[in-house]
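These notes are about the structure you will find just below.
By convention in this document, chain letters (A, B, ...) are assigned in the order of the sequence lines, proteins followed by strands, and residues within each chain are numbered from 1. Computed from a prediction, not measured in an experiment: that's the story for all the values here.
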Amino acid sequence: MFSDRYNPRDVESKWQKIWDDNQIFETKNDDPRPKYYVLEMFPYPSGRIHMGHVRNYAMGDVVARFKRACGMNVLHPMGWDAFGMPAENAAIQNNVHPAAWTHDNIASMRTQLKSIGLSLDWSREIATCDPSYYKHQQKMFLDFYSAGLVIRKKAKVNWDPVDQTVLANEQVIDGKGWRSGAVVEQRELTQWFFNITSFAEELLESLNTLPRWPEKVRLMQRNWIGRSEGVLIRFEINSKNPPAGFSEIEVFTTRPDTLFGAKFLALSPDHPIALTLATSDLGLSAFLDESRMNGTSMAAMETAEKKGWDTKLTVAHPFIPGQSVPVYIANFVLMEYGSGAVFGCPAHDQRDLDFANKYDLGNTPVVRPSSQDPETFVITTTAYEEDGVLFNSGFLNGLSTSEAAKRAIDALEQGDLNGAARGKRQVNFRLRDWGISRQRYWGCPIPIIHCEACGSVPAPADELPIELPADVTFDRLGNPLERHPTWKFVACPRCGKNARRETDTMDTFVDSSWYFARFTDPTIADAPTNRTVVDSWLPVDQYIGGIEHAVLHLLYSRFFTRAMKATGHVSVSEPFAGLFTQGMVVHETYKGPDGSWVLPQDVCLDGIGSSRRATLKSDGSHVTIGGIEKMSKSKKNVVDPDEIIQDYGADTARLFMLSDSPPDRDVIWSHEGVQGAGRFSQQLWRLVGNLVNVCAPLDSDPGSVEQSSALVIRRLVHRALLRVQDHYEKLRFNTAIAEIRKLTNALNATLGEMENTPSADEALALREAADVLVVMFSPVMPHLAEECWSRLGHKDLLSDAAWPAVIDTLAQEDTIVIPVQINGKKRAEISVPRDIDNESLERLALKLEPVEKALENRSPKKVIIVPQRIVNVVV
RNA sequence: GCCCCUAUGGCGGAACUGGUAGACGCGUCCGACUCAAAAUCGGAUUCCGCAAGGAGUGCUGGUUCGAUUCCGGCUAGGGGCACCA
């Protein structure tokens, strides 16, 4: 018997060193085997890895190791998303330089990651805060600038008052900064933008070319891009003295079918006409100020009263000669969407109706449900927003909503207003340009020089990188670059006069928008990418990360890749061919008698179900069991990966993170779960030990095996192998592990039955079983597998071993058990040859006792036979 | 408000394109080993019933020989967007 316990602590570090010394995970770009690029979202170097990292990287590692074993040239790199706010906050609080803080964190996290035994190519490690990385980012910024993909414009932007910086729309969640949680304010500032909207249509369309992305993520991006088709209508101002320079108002609508019901026009408080009018009207000026004061938070918008200002202007209705429509300025119209002006059709839009009722503008219903009588169909306080039949609408009468919309647009396009069409079809997007200026120090400097004479001048390419100055202070709020005594003062590269550097840095999401491309050739100095190399690796075959980046990082990267393509840095448009979004690691929360959070290890749990009780270990006082939530330090429901690896080993941590829950769902951390995983490691170790004692020697050929008991073992093994590889292929780690456990149980039982004294044939089959079993679990538990492999006598490294080939004839059963149903309910089973013909199967089934009993000598009404599946007798 | 997803034993979950519901694990119970405990091993574990048998995949209706799976209506939980014209 092989009774010694497996000791992960010694074994794991031993194999990690051997892998390292042999550089077996270093990937060559000129390797002739087919490529496979697997990547997990790189971490922010916060200082410590957490269980979420372990889960994320364990998944990627299983894929990487599996694909390696399958004979592919796998690229599996790791790096650091190293710029960002926490480093600056640490600098402010602890008087440590962001660079030093970041590099220390990288060092300790690297050590932690290495202890997990990931098959990473550390020779390709990059950190985005390294000038050798951001140099190329600055080069691409300039390339994008020349290509018109970078623009500088004044716009309403989101200002995070805590982080003291601007945020992109995607980085504002529920009106709050994604990192600080502070309620975001609106400010009008001149900023740098990436022209992501120029790719809006393409970014939307191409989602259809990504079948290996979760539908949920594609949907979220679709909604975020928010395409809507409509028409831009020109309304002629028919007042005698319109504001200077304005003779018409453009309005975007998706409901031109309701045009006959128009009762007012509403302009945004930021609309040029509103601004012009306000210069000579103090009351209006005050109204505009008041409108802008309104918060943009969810609560503020829901409760904000819809308010309007009558401009006394009117416009001509495009379809009803002689009818004029009043023009209001309204606090709910956004300047950023469409043309900053809407027409109101109160009968068919609730908000318009509320507004019209408030200002007594009336309503004319023009769409009715087909069942409704036009004579009696009136609108009072509830707008009819559904589709229907047009009435009260001149040439649109009787048409359906969609047909009427088409006709209305046609009429507008053919109609004439001062020598041009009255309207034109237009597609509008919700997506806004990506504002990348950040008023922060710890980011990639924007390589632009502002000259009073020449404007914004690109920094000369040979001066890149524009490095961050090291001598900065964090004793005051604001951007240290702005107040640095010398850094920003330079000569204009164009005219040589005194000029200033741009002191804003780039959004850190820029850094992470192309790191996957840099990994393909991370040391090339004179360009961001080596075209031959990057084109041979991209797209990433399998990308794995959290759902929280569904529209942030994942949309930015899709844009950036397109921009890189447009400027000649890559050939692909889509960076990630396959995407997998893993669930979070969650844990129950506990609160002590004083309402403060309590660590799980300080809690004693009793009972099950609704009678579960929790008490404090120290003094037995009552503990409230809270919800199961994402692990976070503030709620004290964290489990430190280091401790788990110390106590149970990395393999056990990896196994537990992958078993039980499907990888895309949250996994609940439980002490019992880890112990169960640890137990299974020991079981495997024991089983392999027992197999070693009885199985045939290394490299023996099981092909000659004839004894049926040995063939049973072989079938078991090949069937499991087939299933496990299928599960790995589809990233179903939980079911792969279940299958491995099943095989383990079966082999244990087999060994028990033969009392550890197999025949010669059985010994051959067991040798195969042992080798295959170990290979099968190696992607999940690589250290244990490597140790078992060596124990089985192999001289080579398991990490270099090939995935065994499934023998189809063995994986298929030749005798199968088929359920027999009577009227759709299972009543019996029969064991038959796999390839039995339907007639014989029916004959056998009808002779079964429960069937005969049910038939009572009558003949069945119908017999349904699905080959290899089921027999259903209808009586 | 709009859009989307999910719902299976005490718990996490499994079930390929409609074909034996509950794989695998956790927990619990019983037993073995032990002076004892831990560890380990064996067995049981959807519910009702002594049993034969019956019921059962959130609720409800439908399609089908047959529905966890497809369709309609509801309920609950979760997520995304949000004054988007």
Side-chain angles (χ1 to χ4, degrees), chain A residues 3 5 173-175 214-217 219-224 226-228 230 251-255 258 265-266 268 294 296 298 300-302 304 306 330-334 336-345 349-352 354-355 385 428-431 547-548 550-551 608-612 655-656 659-662 665-668 670-677 679-680 682-683 686 723 726 730 732 734-745 748 752 817-829 860-866 868-875:
Chain A
S3 60
R5 278 180 72 78
I173 316 288
D174 285 344
E215 184 52 42
K216 182 185 168 70
V217 174
L219 189 70
M220 281 166 75
Q221 292 210 356
R222 248 176 235 130
N223 290 340
W224 188 261
R227 182 184 196 275
S228 60
V251 164
F252 175 75
T253 182
T254 55
R255 291 295 303 273
T258 64
L265 249 57
S268 162
N294 270 337
T296 46
M298 192 168 64
M301 282 193 281
E302 258 174 18
K306 309 289 175 259
N331 61 354
F332 59 83
V333 182
L334 303 173
E336 295 79 36
Y337 187 80
S339 58
V342 299
F343 84 77
C345 176
D349 181 278
Q350 191 59 47
R351 193 188 49 207
D352 292 349
D354 294 345
F355 190 82
E385 296 182 334
N428 253 316
F429 294 95
R430 214 192 67 104
L431 182 70
I547 186 80
E548 66 271 20
V551 283
I608 54 163
S610 55
S611 65
R612 282 179 77 225
L655 175 67
F656 177 51
S659 52
D660 281 0
S661 289
R665 287 208 215 164
D666 292 351
V667 62
I668 303 171
S670 77
H671 189 61
E672 293 79 8
V674 193
Q675 285 185 318
R679 205 149 51 221
F680 184 53
Q682 299 294 347
Q683 262 176 44
R686 258 197 321 276
R723 292 199 181 131
D726 187 44
K730 292 173 179 149
R732 294 190 303 227
N734 56 325
T735 45
I737 291 164
E739 205 62 51
I740 292 168
R741 294 186 108 122
K742 219 158 118 180
L743 178 65
T744 307
N745 293 345
N748 266 326
V817 176
I818 291 187
V820 178
Q821 296 182 330
I822 298 167
N823 294 339
K825 301 225 167 192
K826 186 196 157 195
R827 288 296 126 116
E829 290 179 345
K861 225 182 245 170
K862 203 169 168 188
V863 179
I864 290 138
I865 292 177
V866 182
Q868 294 175 37
R869 283 242 175 257
I870 207 160
V871 178
N872 188 12
V873 183
V874 184
V875 180

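The closest donor-acceptor contact from the side chain of Gln221(A) to the backbone of Ala550(A) lies under 3.5 Å. Remark: the backbone N or O of Val333(A) is paired with a side-chain donor or acceptor of Ser268(A) at under 3.5 angstrom. Looking at Glu385(A), its side chain does come within 3.5 Å of a backbone N or O of Gln350(A) through a donor-acceptor pair. Side-chain atoms of Arg227(A) do not come within 3.5 Å of backbone N or O of Phe429(A) as any donor-acceptor pair. No donor-acceptor distance shorter than 3.5 angstrom exists from the side chain of Asn331(A) to the backbone of Lys306(A), with no hydrogens or angles considered. Asn872(A) places a side-chain N or O within 3.5 Å of a backbone atom of Gly824(A) that can act as its donor or acceptor partner.
Across G12(B) and A21(B), the matching P atoms stand 23 Å from one another, rounded to whole Å. Comparing G79(B) with U69(B), their P atoms sit 26 Å apart, to the nearest whole Å. For the P atom pair drawn from C24(B) and G77(B), the interatomic distance equals 34 Å after rounding to whole Å. Using atom P as the reference point in both C4(B) and C41(B), the two lie 49 Å apart (nearest Å). G62(B) and G9(B) have their C1' atoms separated by 28 Å, given to the nearest Å.
Between the NZ atom of Lys862(A) and the P atom of C65(B) there is a distance of 5 Å, given to the nearest Å. Here the C1' atom of nucleotide A23(B) and the CG atom of Asn734(A) are 11 Å apart, to the nearest Å. The separation between Gln221(A) atom CD and C4(B) atom C1' is 15 Å, rounded to whole Å. Per the geometry, CG belonging to Leu743(A) stands 16 Å off C1' belonging to G25(B), to the nearest Å. Summarising the geometry, the separation between CZ on Phe343(A) and P on A85(B) is reported as 12 Å, rounded to the nearest angstrom. The CD atom of Gln350(A) sits 14 Å away from the C1' atom of C2(B) (whole-angstrom rounding). Spacing between atom CD of Gln675(A) and atom P of C26(B) amounts to 10 Å, rounded to whole angstrom units. Computed from coordinates, the Ile818(A) CD1 to C65(B) P distance equals 21 Å when rounded to whole Å.
Contact detail for Ser228(A) and Phe252(A): the closest heavy-atom pair is O-CZ, 3.9 Å.
If you check G80(B), C84(B), U20(B) against the side chain of Arg351(A), the one that comes closest is C84(B). Between C83(B), A15(B), A85(B), one nucleotide has an atom nearer to the side chain of Phe332(A) than all others, and that is C83(B). For Ser661(A), counting side-chain heavy atoms from C-beta on, the closest listed nucleotide (G12(B), C83(B), G19(B)) is G12(B). Distances were taken from every side-chain heavy atom of Arg5(A) (C-beta onward) to each of A14(B), A39(B), G66(B); the shortest belongs to A39(B). When distances are taken from the side chain of Arg665(A) to each of A7(B), A82(B), G19(B), the shortest belongs to A7(B). Of the candidate nucleotides G19(B), A82(B), A85(B), A85(B) has the atom nearest to the side chain of Val342(A). For Pro662(A), taking side-chain heavy atoms from C-beta onward, the closest of the listed nucleotides C65(B), A14(B), A85(B) is A14(B). Checking C41(B), C4(B), G80(B) against the side-chain heavy atoms of Leu219(A) singles out C4(B) as nearest. Of the candidate nucleotides C84(B), C65(B), A85(B), C65(B) has the atom nearest to the side chain of Val874(A).
A close approach under 4.0 Å does not occur between any side-chain nitrogen or oxygen of Arg732(A) and OP1 or OP2 of A14(B). Close to U40(B), at under 4.0 Å from its OP1 or OP2, lies no side-chain N or O of Arg686(A). Between Arg723(A) and A15(B) there is no side-chain polar atom (N or O) within less than 4.0 angstrom of OP1 or OP2. For the pair Lys825(A) and A67(B), the criterion of a side-chain N or O lying under 4.0 Å from OP1 or OP2 is not met. Between Arg679(A) and C26(B) there is a side-chain polar atom (N or O) within less than 4.0 angstrom of OP1 or OP2.
Between the side chain of Asn223(A) and the base of C81(B), no donor-acceptor pair under 3.5 Å is found.
With a cut-off of 3.5 Å on both pairing distances, C50(B) has no Watson-Crick or G-U wobble partner at all. Both distances falling under 3.5 Å, in either a Watson-Crick or a G-U wobble arrangement, place G1(B) opposite C81(B). The base-pairing partner of U6(B), taking Watson-Crick or G-U wobble contacts with both distances under 3.5 Å, is A76(B). Figure legend. G61(B) is base-paired to C71(B); pairs are counted as Watson-Crick or G-U wobble with both atom distances under 3.5 Å. Pairing of C24(B), defined by two Watson-Crick or G-U wobble distances under 3.5 Å, is identified with G12(B). Figure legend. A32(B) is base-paired to U40(B); pairs are counted as Watson-Crick or G-U wobble with both atom distances under 3.5 Å. Using Watson-Crick or G-U wobble geometry with both donor-acceptor distances under 3.5 Å, U17(B) finds no partner in any strand shown.
Within the nucleic acid shown, Val667(A) has no heavy atom closer than 4.0 Å to any nucleic acid atom. In this structure, Glu739(A) reaches neither bases nor backbone, as no heavy-atom distance under 4.0 Å exists between it and the strands shown. In this structure, Glu672(A) reaches the sugar-phosphate backbone alone: every heavy-atom distance under 4.0 Å involves primed, P, OP1 or OP2 atoms, never a base. Among the protein residues, Arg741(A) comes within range of the sugar-phosphate backbone only, with heavy atoms under 4.0 Å from sugar or phosphate atoms but none that close to a base. Across all strands shown, Ile864(A) has heavy atoms under 4.0 Å from base atoms, whether or not it also approaches the sugar-phosphate. Counting any heavy atom pair closer than 4.0 Å across all strands shown, Lys742(A) reaches sugar-phosphate atoms only and no base atom. As judged by a 4.0 angstrom heavy-atom cut-off over every strand, Asn428(A) is placed among residues making no nucleic acid contact.
If you find the closest nucleotide of RNA chain B to Asp660(A) and to Asn745(A), the one lying nearer the 5' end belongs to Asp660(A). In terms of position along RNA chain B, the nucleotide closest to Lys730(A) lies nearer the 5' end than the nucleotide closest to the other residue of the pair Leu334(A) and Lys730(A).
Within 90° of 0 lies the glycosidic angle of G9(B), which makes this nucleotide syn.
Take Phe355(A) and apply the ring-ring contact (aromatic ring centres under 6.0 Å, His included) test, not counting sequence neighbours, and it matches Phe264(A), Tyr328(A), Phe332(A), Tyr359(A).
Annotation: the span from Gln683(A) atom CD to Arg741(A) atom CZ amounts to 7.0 Å, rounded to 0.5 Å.
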